[in-house]
Structure formats: C-alpha cells, structure tokens
Amino acid sequence: MSCPFNGGPSRLGGDDLPEEGMMYGEYLMLDKVLNAQRLVSETTGGKVHDEHLFIITHQAYELWFKQILYEFDSIRDLFKADCIEESRTLEIVKRLNRIVLILKLLNEQIPILETMTPLDFMEFRMHLAPASGFQSLQFRLMENKLGVKMEHRVKYNQNYSVVFGQDPTAVEKIMESHKESSLLDLVQKWLERTPGLEEDGFNFWGKFKESVDKFLEHEHEEAMKEPDLSRRNYRLMDIEMRRGVYNSIFDSASHEALVMRGDRRFSHKALQGAIMITFYRDEPRFSQPHQILVLLTDIDSLITKWRYNHVTMVQRMLGSQQLGTGGSSGYQYLRSTLSDRYKVFLDLFNLSTFLIPRHWIPPLDTKLNWSFNAPSAPSLK
C-alpha cells in the first residue's frame, strides 16, 4: 500500500499534472491556511515583524481548540450510552489522552510567543483593540462542553453580549452549549451507575463507612498509648479533624451544602462511585474507569496551567494595571480565573482526602472482580 504523501506509485501524466485525486496542498487547503495571516500593522503605517508570530501562534491555538472540541463531542456521545462496553471505554481513554497531549503542546507554545518582548508587542498592540483572546469562541465552548458553570465564572466572564455583541451567531452557539449535557454531567451519571454501590448488593458505601469507623477507632486507641501529653493531644485532634472530613461525605446533607457552596461538583452518588473506583483501581474491572478519572484530572490541570501561563505572559507583556484589548481588566481578570471555581472535576482532585490505608479497604466481592475480557463478565455501566 502506497502512502499518498510519502512516495508510492506516481499518478502524474506526461505533463506532471495529476490525472486523478488531490495533491497535498489541495487536500489540506494550504492556499487558504497559509494566506490567512493579515498583518494589520502593514496596512496602518509600518510593518511590525513580530505581529506575524503573534498571528501564527494564535491561529495554531484555534486549530487545536477545534480538534479538542471535535474530541469532546465524540467523547460525550460515547458517554451518552446506557451501557459502556470495553471497546467504548478504551476509545474514551484514547481520545481523552489525545486531548491531554494537545493541551501539553499548547502549553509548550507559550515560550515561543514569549520570544517577543513587551516593546515588540507594544508596536502593534494598539492595532488589536478591541480584538482580544477573551473573545475566543472556541475556548468558551471548550469550557462549557467540559462543564464550567455560569455561576462559577467571575462576573465579567458571564456577560456574553458584551464580549460577542457584534457576533450574534457566537452568542447563539454559546447559549446552545449551555443547554447540552456537558462532559461533567455525563461523567457524573456514569459514576452513579458504578457497580457495587447498590445497598442490596456489594454495598461499598456501607462497608467503607464501617472500615472508616474501625480505622479511626484504632487510631484513637494508638494515640491514647502515647506517653507524651502534647503529642497525644495533637494526634487526638488530628483524628477528630479527619472524622469531620469523613462525615462530610457520609452525611448527604453536609455534602449537598458543600455542593451549594461550590466546594464540590459531583452528586453524592457520583462521589461514591469515584471513591470506589479509586480504591479498586488495581483490579481489572476498575482499571480503565480509573484511567478515565486520571485523564479528566489531567485535562483540568493542563487547562489551569494554560491559564496560569497565559496570566504570567500577559503580566510580562502588559504589567498588572493596563486593560486588556477586549475591555477586560487584563491581568487582574485573568488571575481571577485561576481559582478552584474554574476547575470542573474539582472532586477528583480531592479524592485523596478520603483515602484510608490499603489494609483497611473492604475486600472486593469476587462477583465484581471480573476482567472485561472474561466472556461472562457484565459490562461496566
């Protein structure tokens, strides 16, 4: 089999013109892509060399954003199934991993942009206003499809009509993305169906609570043996603090209060599923689901890292007082997006809070400990 871009039998005629099919440049529409760099400085009194780099870098970002959106849409479709078979789980892992690698690449592009000095940027910045990266429709759609809630955005970030007022189509697409099930919504429903949570079955949650009670009681007994009074009191205080943390997940009302406050995202049942998968991640049946949780955390981390790198670059280029080109407060606004309110899978970051030593983890029922490859194994829902 010949490769169309790397040799193989020629399909060119005597005049070296293609008889059939497309050439490399035609297939990739390079005439449009490579001629899509319009230097505004060139039309307003003097070409600024570094504007070309600025445009190329941001166009590259937008192309990769488009690919991420393409992957998000396909992953959401896979999660919409009532029963996710092994082949689908593997495909989800593959596509999530692809997004992780793209986001790593996007973070690595920032140092290239930073080869432009603040003085270089100042030469053409005046020509950009009111254009701004804040107006990236695709990045906003990425956030919405991932699961960033409107109520978690900073105030300025909520007013779409101000940012996209001249583009009603953009506002329409953003509002439509709010109506769709986000990846957070679909992952939550998937976690709620984790096998082993049923009270009339394995009843993981009941067993986990019992193990926590025994573990804390054991720790209390060991602390009481401490001869040094100050160290004993410190250990007892630490145990009570941990007891309060565990109670915040065992008491559904406490959990819901934390959700309302914005400190948690998952439903109570979904959090139970995430904890169970984390505990039994080394078991064949829970290995792939655990990979999904890790990759979702990686995506959240890398987007946060991209925001941070962007913030530091903006501060380097503009300082901390100037307004952004799109009318935002520039550095001050961007810095506000680094808080946990913009983390979609916040609960996955905090799962280690609820761990207990391995020997206290309830043994997994053999009925649940099936490999996906076993012919009689039920599919993970």
Side-chain angles (χ1 to χ4, degrees), residues 1 3-6 27-28 60-109 138-139 141-148 177 180-195 265-266 270 273-274 276-306 343-349 351 369-375 377-381:
M1 180 180 295
C3 175
F5 296 156
N6 297 301
Y27 175 68
L28 298 178
Y61 275 134
E62 291 296 331
L63 283 171
W64 283 122
F65 288 165
K66 184 172 184 178
Q67 184 64 36
I68 291 173
L69 286 170
Y70 184 73
E71 301 297 346
F72 272 161
D73 286 341
S74 69
I75 291 168
R76 289 189 304 150
D77 286 341
L78 290 171
F79 266 116
K80 287 175 183 177
D82 293 331
C83 180
I84 303 179
E85 303 289 348
E86 179 188 12
S87 60
R88 285 176 170 263
T89 309
L90 286 170
E91 197 60 38
I92 289 172
V93 169
K94 172 186 170 183
R95 295 177 191 181
L96 286 174
N97 186 61
R98 179 178 293 162
I99 293 172
V100 166
L101 293 176
I102 292 172
L103 288 170
K104 287 181 178 179
L105 179 63
L106 294 185
N107 275 291
E108 290 171 359
Q109 283 186 190
Q138 292 196 119
F139 188 76
L141 292 176
M142 274 173 47
E143 291 181 325
N144 290 350
K145 289 174 185 284
L146 190 61
V148 175
S177 69
E180 301 170 353
S181 294
S182 68
L183 189 56
L184 172 63
D185 297 328
L186 295 167
V187 167
Q188 180 171 265
K189 291 177 181 177
W190 173 68
L191 287 171
E192 289 172 349
R193 302 195 300 267
T194 303
R265 303 282 190 269
F266 285 157
M276 183 177 183
I277 290 171
T278 301
F279 276 171
Y280 302 117
R281 60 189 180 276
D282 295 329
E283 303 293 343
R285 189 169 191 188
F286 293 93
S287 175
Q288 290 175 9
H290 180 254
Q291 289 180 56
I292 290 175
L293 299 188
V294 170
L295 289 168
L296 290 171
T297 308
D298 288 344
I299 288 171
D300 235 346
S301 294
L302 286 164
I303 290 177
T304 300
K305 183 178 180 181
W306 187 85
K343 279 196 178 79
V344 174
F345 295 98
L346 179 62
D347 297 312
L348 298 182
F349 286 86
L351 287 181
N369 192 17
W370 276 323
S371 167
F372 274 101
N373 297 318
S379 61
L380 183 62
K381 294 187 176 182

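Numbers for residues simply follow the sequence, beginning at 1.
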Quiz item: Residues two or more places apart in sequence or in another chain: which of them pass side chain to side chain contact (heavy atoms under 4.5 Å, CB included) with K66?
Solution: Q138

Practice problem: Please identify each residue that fulfils side chain to side chain donor-acceptor pair (under 3.5 Å) with T304, with sequence neighbours left out. | Solution: none

Quiz item: Counting N and O atoms only, with roles assigned by atom type, does the side chain of S287 sit under 3.5 Å from a partner on the main chain of E283, one being a donor and the other an acceptor?
Solution: no

Quiz item: What class does the angle between the rings of W306 and F65 fall in, given that below 30° is parallel, 30 to 60° is tilted and above 60° is perpendicular?
Solution: perpendicular

Exercise. Identify, with sequence neighbours excluded, every residue that meets salt bridge (charged side-chain N to carboxylate O under 4.0 Å, His left out) alongside E71.
Key: R98

Quiz prompt | Over 12 foreign heavy atoms within 6.0 Å of NZ, K80 | solution = yes

Exercise. Quick one: closest heavy-atom pair of L348 and A274, and the distance?
Key: CD2-CB, 4.2 Å

Exercise. Over all heavy atoms of both residues, which pair between M276 and P195 is shortest? Give the atoms and the distance, please.
Key: CE-O, 3.3 Å

Quiz item: In chain order, what residues pass the side chain to side chain donor-acceptor pair (under 3.5 Å) check against S74, with sequence neighbours excluded?
Solution: R95

Practice problem: For the pair S87 and L90, evaluate side-chain contact (heavy atoms from CB on, under 4.5 Å) and give the outcome as yes or no after the intermediate values. | Solution: CA-CA 5 Å; S87 60; L90 286 170; 5.6 Å; no

Quiz prompt | Criterion side-chain contact (heavy atoms from CB on, under 4.5 Å) on L183 and L296, from CA distance to verdict | solution = CA-CA 10 Å; L183 189 56; L296 290 171; 3.8 Å; yes

Quiz prompt | Pairs satisfying side chain to side chain donor-acceptor pair (under 3.5 Å), at least one member in residues 100-109, at least two apart | solution = N107-N309

Quiz item: Does the side-chain contact (heavy atoms from CB on, under 4.5 Å) test come out yes or no for I75 and I99, once each step is laid out?
Solution: CA-CA 11 Å; I75 291 168; I99 293 172; 3.8 Å; yes

Quiz prompt | Residues forming a side chain to side chain donor-acceptor pair (under 3.5 Å) with S177, sequence neighbours excluded | solution = N144

Practice problem: Apply side chain to side chain contact (heavy atoms under 4.5 Å, CB included) to D300 and list each qualifying residue two or more places apart in sequence or on a separate chain. | Solution: L146, K343, V344, F345, F349

Quiz prompt | Donor-acceptor under 3.5 Å (R88 side chain, E85 main chain) | solution = no

Practice problem: Just jot down the side chain to side chain donor-acceptor pair (under 3.5 Å) partners of E180, sequence neighbours excluded, or say none. | Solution: R76, K145

Exercise. Only counting residues at least two apart or in another chain, list the ones meeting ring pair (Phe, Tyr, Trp, His ring centres under 6.0 Å) with F72.
Key: none

